[in-house]
There are 2 protein chains.
Amino acid sequence: MSERQRLILSAAVRVIARDGVRGLRMEDLAAEAGVSTALIYYHFKNRAGLLHRTLEYVSERAGRYTDEAIAPGTDPRTHVELLLLHELQDTPAIRENSTAWGELRASATFDPVLREPVRTATAEWVGDISGLIDQAMIEGQVAPHVSPEGAAERLTSLVEGLSERWLSGTLMLDRAQSLLRDAIALELDRAPRR
Amino acid sequence: MSERQRLILSAAVRVIARDGVRGLRMEDLAAEAGVSTALIYYHFKNRAGLLHRTLEYVSERAGRYTDEAIAPGTDPRTHVELLLLHELQDTPAIRENSTAWGELRASATFDPVLREPVRTATAEWVGDISGLIDQAMIEGQVAPHVSPEGAAERLTSLVEGLSERWLSGTLMLDRAQSLLRDAIALELDRAPRR
DNA sequence: CTCGGCTGACCAAACTTTCAGTCAATATCG
DNA sequence: CGATATTGACTGAAAGTTTGGTCAGCCGAG
């Protein structure tokens, strides 16, 4: 992928985070990226193609910044917590990525082309968390009888639900974080900690 | 609200569930409702006004069909379970309402006008569940130390997360249901049942 | 020179919104 | 009671606006 494409895609994420997928106008995007509208068509064929590529870009980028945020050697249990809580952080980058991700996921309900990448990205995320819970169990940081798969699916779904409430102004961020922390404890300890 | 307005609003829910908020065109809506486009403007001022009223209509209707679905005299614990599971049911009415609700909630992230009705409707739902958990606790159907508020917020958020995954084709319905059932047990019993 | 990257200008189609005006029902008046 | 205004609901048609998408051609690096 060329530098120019990356430029356009990151601009797309910004525009989507600001106006939603519904509000993404090719002209707005061109302005945000500082290029002509025609160039977008040159690189991405059409609006649908652009959205498709943007979705891939968002999930790829999410995976990257997620990894970067966590010090190597962190124990798996803490790792799970950091990974999940990470989505509920009020920095421009995360807010932007979360908003765009939520929008693209929602669009998948109506656009079959987006379904498969959404499914793949979700599966990957759930798989990561599930794997970490597995490890944490081996190290005795998680109660036995916990189903890593189930817990991972519930916790990531919960994060998405909380995130959307936060981003739509329905829920305060600190409340969302505290709810998530309790949920993690509930899932992994089978009783709230402290 | 006149019968005619109700007719248009229910058509709007159908169109939104089918094409999304972005895909709602005034002309399509007019066709779906069997009226002229001008009539929609006569009753709702403009597209934004229509969306706003549709949101109110969806939440009102959700509350109504939810009540109808549950036999009076049901014990509170079962009531909670039915209420939550109810959103994960593949009937046209529920799918329609859930899809429209998800769309409108997502739109609230970008449209301040929609925020307040979304917040109100959510608070009402959380309040209902929380109240029922309270009652269930009094009747000994829920473990002590459970925070009804917290559990209600987490469970409803989880339902929204699971629902969106289901509707976007990311998650099979029966899996979503089973995940939710386990979450309820985890939250209310502080240990999975059976 | 030439070729991929890139653009300004442009357009047809898609959409929203407006408007003049019809019609049935209801109120008003002589 | 009959004639006449008034009103609210509603529509067809078209104006007005926005948007996705195309295209002929410019430009700079090799």
Side-chain angles (χ1 to χ4, degrees), chain A residues 1-58 100 103-104 106-114 117, chain B residues 1-57 100 103-104 106-114:
Chain A
M1 178 168 48
S2 77
E3 203 43 56
R4 211 67 168 146
Q5 296 196 10
R6 228 180 288 278
L7 173 82
I8 294 172
L9 290 176
S10 66
V13 177
R14 255 174 284 136
V15 174
I16 289 176
R18 197 184 57 218
D19 304 332
V21 167
R22 302 162 186 73
L24 181 145
R25 303 275 109 81
M26 301 305 269
E27 209 180 329
D28 292 352
L29 171 55
E32 177 74 31
V35 302
S36 67
T37 60
L39 185 63
I40 301 172
Y41 289 93
Y42 176 76
H43 282 301
F44 301 99
K45 166 87 174 153
N46 55 27
R47 189 176 188 275
L50 171 83
L51 289 181
H52 189 266
R53 294 285 303 280
T54 304
L55 176 54
E56 292 174 354
Y57 181 73
V58 169
E103 276 290 297
L104 289 163
S107 301
T109 304
F110 308 100
D111 184 352
V113 173
L114 296 178
Chain B
M1 180 166 47
S2 76
E3 202 44 57
R4 209 68 168 147
Q5 296 197 10
R6 231 180 284 279
L7 173 82
I8 294 172
L9 290 176
S10 65
V13 177
R14 256 173 283 137
V15 174
I16 289 176
R18 196 184 57 217
D19 304 330
V21 167
R22 179 177 209 269
L24 180 144
R25 277 174 295 112
M26 300 305 268
E27 210 180 329
D28 290 354
L29 171 55
E32 177 74 33
V35 301
S36 66
T37 59
L39 185 64
I40 301 171
Y41 286 88
Y42 176 76
H43 282 303
F44 302 100
K45 167 87 173 149
N46 55 29
R47 192 175 186 277
L50 171 83
L51 290 180
H52 188 265
R53 294 285 304 279
T54 304
L55 175 54
E56 293 176 352
Y57 181 74
E103 275 290 296
L104 289 163
S107 301
T109 304
F110 309 100
D111 183 353
V113 174
L114 296 179

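Owing to the predicted nature of the structure, the values given are computational and were not obtained by experimental measurement. Every chain is numbered from 1, with letters handed out A, B, ... down the list of sequences.
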| note | Contacted region of DNA chain C by chain A, from 5' end to 3' end of the hits, cut-off under 4.0 Å to heavy atoms, spans C/dG4 to C/dG8
| said: Assess whether a salt bridge exists between A/Glu103 and A/Arg22, defined as any Lys/Arg side-chain N lying under 4.0 Å from an Asp/Glu carboxylate O. | reply: yes
| message | So, using side-chain hydrogen bond (donor to acceptor under 3.5 Å, both in side chains) as the criterion, who are the partners of A/His52 when residues are at least two apart? | response | none
| request: For DNA chain C, find the residues of residues 38-52 of chain A with a heavy-atom distance under 4.0 Å and give them by number; none if there aren't any. | output: A/Ala38, A/Leu39, A/Tyr42, A/His43
| request: State which residues pass side-chain hydrogen bond (donor to acceptor under 3.5 Å, both in side chains) with B/Arg47; sequence neighbours excluded, sorted by chain then number. | output: none
| task | Mind checking side chain to side chain contact (heavy atoms under 4.5 Å, CB included) for B/Glu27 and listing every partner two or more places apart, or none if nothing turns up? | result | B/Thr37
Please set out all donor-acceptor pairs under 3.5 angstrom arising from side-chain atoms of residues 7-16 of chain A, sequence neighbours excluded.
| unit_1 | atom_1 | unit_2 | atom_2 | d |
| --- | --- | --- | --- | --- |
| A/Ser10 | OG | A/Arg6 | O | 3.3 |
| A/Ser10 | OG | A/Leu7 | O | 3.1 |
| A/Ser10 | OG | A/Arg14 | NH2 | 3.4 |
| A/Arg14 | NH1 | A/Glu32 | OE2 | 2.5 |

| request: May I ask you to test the A/Leu24-A/Thr54 pair for a side-chain heavy-atom distance under 4.5 Å? | output: no
| task | Report the residue (B/Gly34 or A/Glu27) whose heavy-atom-nearest nucleotide on DNA chain D is the more 5′ of the two. | result | B/Gly34
| field | Contacting residues from residues 15-24 of chain A, given that a heavy atom lies under 4.0 angstrom of DNA chain C | value | none
Are any protein N/O atoms closer than 3.5 Å to N/O atoms in nucleotides 24-30 of chain D? If there are, list each pair with its distance.
none

| query | Given side chains that start at C-beta, do those of B/Gln5 and B/Tyr57 come closer than 4.5 Å, heavy atoms only? | reply | no
| note | Those residues at least two apart in sequence (or on a different chain) that pass side-chain hydrogen bond (donor to acceptor under 3.5 Å, both in side chains) with B/Arg25 are B/Asp28
| Validation row: B/Arg53, B/Met1 side chains within 4.5 angstrom (heavy atoms) | yes
| said: Contact between A/Val35 and A/Arg4 at the side-chain level, heavy atoms closer than 4.5 Å - yes or no? | reply: yes
| query | So, for A/Val21 and A/Leu104, which heavy atoms are closest and what is the spacing to 0.1 Å? | reply | CG2-CD2, 3.9 Å
| field | With sequence neighbours excluded, residues passing side-chain hydrogen bond (donor to acceptor under 3.5 Å, both in side chains) with A/Asn46 | value | none
